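Fair warning: this is a prediction, and the values are worked out from it, not measured in the lab.
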Amino acid sequence: MCMNLRRFCSCGRNSAYLSCRDNLLPAEILVNLFCPECRPGSIIEATMLADCGWVLEYDVDRAQAYFTIKGIRSPATPDFVFDAGYLSWQGLAPGDQEVNTRLHQRLAPLIEQDLALYLQSLRSEWVAHVARLKAAGWRKAQAT
Ligand SMILES: [Zn+2]
């Protein structure tokens with residue numbers, strides 16, 4: 001299982017929450033995760049995908065073997081593995097899980113005061129968050 005998987009980057013200063021669609025690929029398929037502070041100088045497109053300064057490096061050969069076994073016809077490119085959600089950010093960006101948790105904590109006092117306002121605030125603040133991610137260029141946010 002790699003649901004709600006938290007992974008530290010290569011330098012250990014940052015971490016990301018990852019999700020694996022259908023638990024098809026084991027977490028080790030992501031051989032390296034680099035944050036903006038430890039990213040390599042150049043990207044090898046055959047195995048790496050860059051997203052707003054973060055870089056994910058996949059073992060595409062092993063990913064391909066899993067895809068073949070499961071009958072997934074698309075080639076196991078970094079783009080496909082990421083965009084199809086087989087090993088990708090949980091949510092739209094590496095820190096989404098924490099943003100969501102903080103938002104819920106911050107608005108929690110509203111629950112007893114005004115539930116409708118709580119739900120409305122939750123929604124509008126999240127929509128604003130997604131709009132910021134989209135404007136910043138995060139790959140998964142572009143599709144929203
Ligand atoms: Zn790092």
Side-chain angles (χ1 to χ4, degrees), residues 1-40 43-45 47-60 62-144:
M1 291 282 277
C2 74
M3 305 273 281
N4 303 327
L5 177 81
R6 187 178 182 200
R7 171 88 172 254
F8 278 87
C9 66
S10 202
C11 74
R13 277 176 284 195
N14 291 291
S15 65
Y17 287 88
L18 303 164
S19 73
C20 308
R21 176 177 165 190
D22 303 333
N23 288 313
L24 191 138
L25 297 178
E28 315 87 77
I29 295 290
L30 184 64
V31 286
N32 277 305
L33 176 67
F34 303 100
C35 78
E37 294 167 58
C38 62
R39 62 174 292 165
I43 302 298
I44 301 163
E45 286 187 6
T47 56
M48 295 177 175
L49 181 135
D51 191 18
C52 279
W54 286 75
V55 174
L56 302 94
E57 184 183 1
Y58 297 104
D59 184 340
V60 287
R62 277 191 68 203
Q64 185 62 65
Y66 280 96
F67 282 3
T68 302
I69 291 166
K70 296 286 181 180
I72 292 167
R73 301 225 177 127
S74 301
T77 60
D79 286 18
F80 179 73
V81 171
F82 184 89
D83 292 336
Y86 286 111
L87 194 38
S88 190
W89 309 133
Q90 188 183 340
L92 302 172
D96 257 15
Q97 193 65 17
E98 283 169 84
V99 171
N100 195 30
T101 303
R102 279 202 305 272
L103 177 62
H104 278 80
Q105 282 169 349
R106 184 159 54 77
L107 296 177
L110 269 180
I111 295 175
E112 291 193 356
Q113 294 166 26
D114 188 338
L115 186 61
L117 179 62
Y118 167 76
L119 294 171
Q120 188 196 327
S121 305
L122 210 52
R123 187 167 188 286
S124 62
E125 294 217 21
W126 189 254
V127 167
H129 169 66
V130 170
R132 282 193 297 274
L133 292 178
K134 192 167 187 165
W138 289 96
R139 188 176 174 109
K140 285 178 83 177
Q142 303 312 309
T144 61

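Considering only residues two or more places apart in sequence or on other chains, Glu45 meets the salt bridge (Lys or Arg N to Asp or Glu O under 4.0 Å) condition with none of them.
Annotation: the span from Gln64 atom CD to Ile29 atom CD1 amounts to 10.5 Å, rounded to 0.5 Å. In this structure, Asp96 CG and Thr101 OG1 are separated by 10.0 Å, a value rounded to the nearest 0.5 Å. How far CD of Gln90 is from CZ of Arg7: 15.0 Å, rounded to the nearest 0.5 Å. Within the model, atoms CG of Asp59 and CD of Glu28 stand 9.5 Å from one another, a figure rounded to the nearest 0.5 Å. Note that the CD atom of Gln105 and the CG atom of Leu107 stand 10.5 Å from one another [nearest 0.5 Å]. With values rounded to the nearest 0.5 angstrom, His104 atom NE2 is found 9.0 Å from Trp126 atom CH2.
Nearest heavy atom pair, residue Cys20 against residue Leu87, reads SG-CD1, 3.6 Å. Between Glu125 and Leu103, the shortest heavy-atom distance links the atoms OE1-CD1, 3.4 Å. Minimum heavy-atom separation, Val130 to Ala141: O-CB, 4.4 Å. Here the closest heavy-atom approach between residue Trp54 and residue Ser15 is recorded as CH2-O, 3.6 Å. Closest heavy-atom contact between Met48 and Pro78: N-CG, 3.6 Å.
No more than 12 heavy atoms of other residues, nucleotides or ligands shown are found within 6.0 angstrom of CD1 on Ile44.
By the 4.5 Å heavy-atom criterion applied to side chains, Trp89 and Asp51 are counted as neighbours. A heavy-atom distance below 4.5 Å is not found between the side chains of Arg139 and Ser88. Inter-residue side-chain proximity for Tyr58 and Leu30 is flagged as met; some heavy-atom pair is nearer than 4.5 Å. Leu56 places none of its side-chain heavy atoms less than 4.5 Å from the side chain of Val81. Counting heavy atoms from C-beta outward, Ile72 and Leu24 have side chains that approach closer than 4.5 Å.
Side-chain contact, Asn100 with His129: no donor N or O sits under 3.5 Å from an acceptor N or O.
Listed by first and then second residue, the side chain to side chain donor-acceptor pair (under 3.5 Å) pairs involving residues 109-121 amount to none (not counting sequence neighbours).
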Could you go through residues 31-39 and list every donor-acceptor pair under 3.5 Å that involves a side-chain atom there, pairing it with any protein atom two or more places apart or in another chain?
{"from": "Asn32", "atom 1": "ND2", "to": "Glu57", "atom 2": "OE1", "distance (Å)": "3.0"}
{"from": "Glu37", "atom 1": "OE1", "to": "Arg13", "atom 2": "NE", "distance (Å)": "3.3"}
{"from": "Glu37", "atom 1": "OE1", "to": "Arg13", "atom 2": "NH1", "distance (Å)": "3.3"}
{"from": "Glu37", "atom 1": "OE2", "to": "Asn14", "atom 2": "ND2", "distance (Å)": "3.1"}

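The aromatic ring centres of Phe67 and Tyr86 sit less than 6.0 Å apart.
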